[in-house]
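To start, the structure itself, in structure tokens.
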Amino acid sequence: MSFAATILTLYPEMFPGPLGVSLAGRALREGKWRCDPVQIRDFATDRHRSVDDTPAGGGAGMVMRADVLAAALDSVADARPVLAMTPRGAPLTQERVRGLARGAGVTILCGRFEGIDERLFEARAIEQVSVGDYVLSGGEMAALVLLDACIRLLPGVMGAASSGDDESFETGLLEYPQYTRPATWEGRTIPEVLRSGDHARIAAWRKAMAETDTRLRRPDLWERHEGVRVPSPSGARRHDGNE
Ligand code: SAH
């Protein structure tokens with residue numbers, strides 16, 4: 001069964017785009033996933049084929065019309081989840097990506113302009129997803145990000161490298177740092193433990209590094225992982241003083 005991606009967009013020529021090369025491109029040619037972009041404008045009903053209009057209440061830019069988007073969505077409706085890319089959505093996580101990759105595919109709605117008439121989200125079952133706390137000019141790049149994350153998890157796409165259980169976020173932690181030959185580069189050597197051949201020591205070192213790096217770089221992830229409150233800076237100082 002192949003993973004079917006239907007993308008509703010004003011720029012269907014952006015797909016598969018970068019997903020046509022490398023792992024995802026090969027998987028596409030092998031039929032492990034399908035890429036079906038749909039031109040939203042084909043569902044416009046007026047003479048000018050308009051898909052947007054000025055914002056109610058005033059302000060800059062244009063807003064995508066609910067009626068046109070609903071017609072486009074209804075034309076592809078099936079059992080697959082419908083996602084809309086929007087900075088107002090729930091942050092995308094590896095857990096959600098894994099869930100989507102296990103399913104039959106997704107329908108993705110890409111916004112443009114100032115966004116989408118809110119009534120669409122009331123009238124249809126649509127999951128709103130964000131790829132980060134920054135603003136893109138359109139949902140297409142965000143859709144490509146989401147699809148790339150899903151496709152690499154599809155059976156047979158990554159081969160032996162597979163979706164390593166150690167990988168960043170799979171354990172709730174960042175991955176440990178990686179090294180490869182040459183053993184010495186610009187006077188820097190690969191940590192001795194990684195050259196020891198002692199698999200237990202290597203595993204312990206990697207776990208410790210994953211924990212330290214997550215704590216220092218992503219206190220938010222660390223807090224969730226530990227299920228504890230990260231001490232405030234003043235709390236940490238007091239703790240140190242008592243030791
Ligand atoms: N005025 C909106 C931003 C519109 S950006 C706001 O401030 O919330 C235009 C389109 O780009 C959006 O409709 C959405 O589809 C896409 N987009 C922009 N940033 C995004 C993000 N962080 N995640 C997902 N989609 C995003």
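First listed ligand is number 1; within each ligand, the first listed atom is number 1. Residues take their numbers from the sequence shown, with the count starting at 1.
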Notebook entry, point to check: For ligand 1, is Leu109 a contact, meaning one of its heavy atoms is under 4.0 Å away?
Noted result: no
Notebook entry, point to check: Is there side-chain contact between Leu120 and Leu109, with at least one heavy-atom pair below 4.5 Å?
Noted result: yes
Note to self: Suppose I only count heavy atoms of Glu114 and a 4.0 Å limit; which atoms of ligand 1 are within that range?
What the structure shows: 1 (N), 2 (C), 4 (C)
Check: Which residue owns the protein heavy atom closest to atom 24 (C) of ligand 1, what's the atom, and how far is it?
Finding: Thr86 N, 3.4 Å
Notebook entry, point to check: Looking at Ala125 and Val82, what are the two nearest heavy atoms and their distance?
Noted result: O-CB, 3.8 Å
Notebook entry, point to check: Which of the atoms in ligand 1, numbered in the order shown and given with their element, are less than 4.0 Å from a heavy-atom of Phe113?
Noted result: 4 (C), 5 (S), 9 (C)
Checklist line | Test item, Ala84 contacting ligand 1 (heavy atom, 4.0 angstrom) | finding: no
Note to self: Quick check: closest heavy atoms across Ser50 and Val68, and the distance to 0.1 Å?
What the structure shows: O-CG2, 3.8 Å
Next item on the list: Would you check if Phe169 and Val97 make a side-chain contact, meaning some heavy-atom pair closer than 4.5 Å?
Entry: no
Check: What's the shortest distance from atom 7 (O) of ligand 1 to any protein heavy atom, and which residue and atom give it?
Finding: Pro87 CG, 4.7 Å
Item checked: Atoms in ligand 1 with a heavy atom of Gly111 nearer than 4.0 Å -> 10 (C), 13 (O), 15 (O)
Check: Taking 4.0 angstrom as the limit, do Asp213 and Arg218 come out as a salt bridge?
Finding: no
Checklist line | Phe15 side chain near Glu140 side chain, heavy-atom distance below 4.5 Å | finding: yes
Checklist line | Subset of ligand 1 atoms that lie under 4.0 Å from at least one heavy atom of Ala142 | finding: 24 (C), 25 (N)
Check: For Ile116 and ligand 1, does the shortest N/O to N/O distance drop below 3.5 Å?
Finding: no
Notebook entry, point to check: Against heavy atoms of Gly139, which atoms of ligand 1 measure under 4.0 Å?
Noted result: 11 (O), 15 (O), 16 (C)
Checklist line | Residue, atom name and distance, where the atom is the protein heavy atom closest to atom 19 (N) of ligand 1 | finding: Leu136 N, 3.0 Å
Checklist line | Salt bridge flag under 4.0 Å for residues Glu170 and Arg98 | finding: yes
Item checked: Closest candidate by heavy atom, reference atom 15 (O) of ligand 1, pool Met85, Arg88, Met64 -> Met85
Checklist line | Atoms in ligand 1 with a heavy atom of Val129 nearer than 4.0 Å | finding: 24 (C)
Item checked: ligand 1 atoms in contact with Gly115 (distance to a heavy atom under 4.0 Å) -> 13 (O)
Notebook entry, point to check: Which protein heavy atom lies closest to atom 23 (N) of ligand 1, and at what distance to 0.1 Å?
Noted result: Val131 N, 3.1 Å
Check: Would a distance-only check, ignoring hydrogens and angles, find a side-chain to backbone donor-acceptor pair under 3.5 Å from Arg152 to Leu23?
Finding: no
Item checked: salt_bridge(Glu211, Lys207) N-O dist < 4.0 Å -> yes
Margin query: Salt bridge or not between Lys32 and Glu30? Use side-chain N to carboxylate O under 4.0 Å.
Written below: yes
Checklist line | Per-atom contacts, ligand 1 versus Ser130 - under 4.0 Å to a heavy atom | finding: 22 (N), 23 (N), 24 (C)
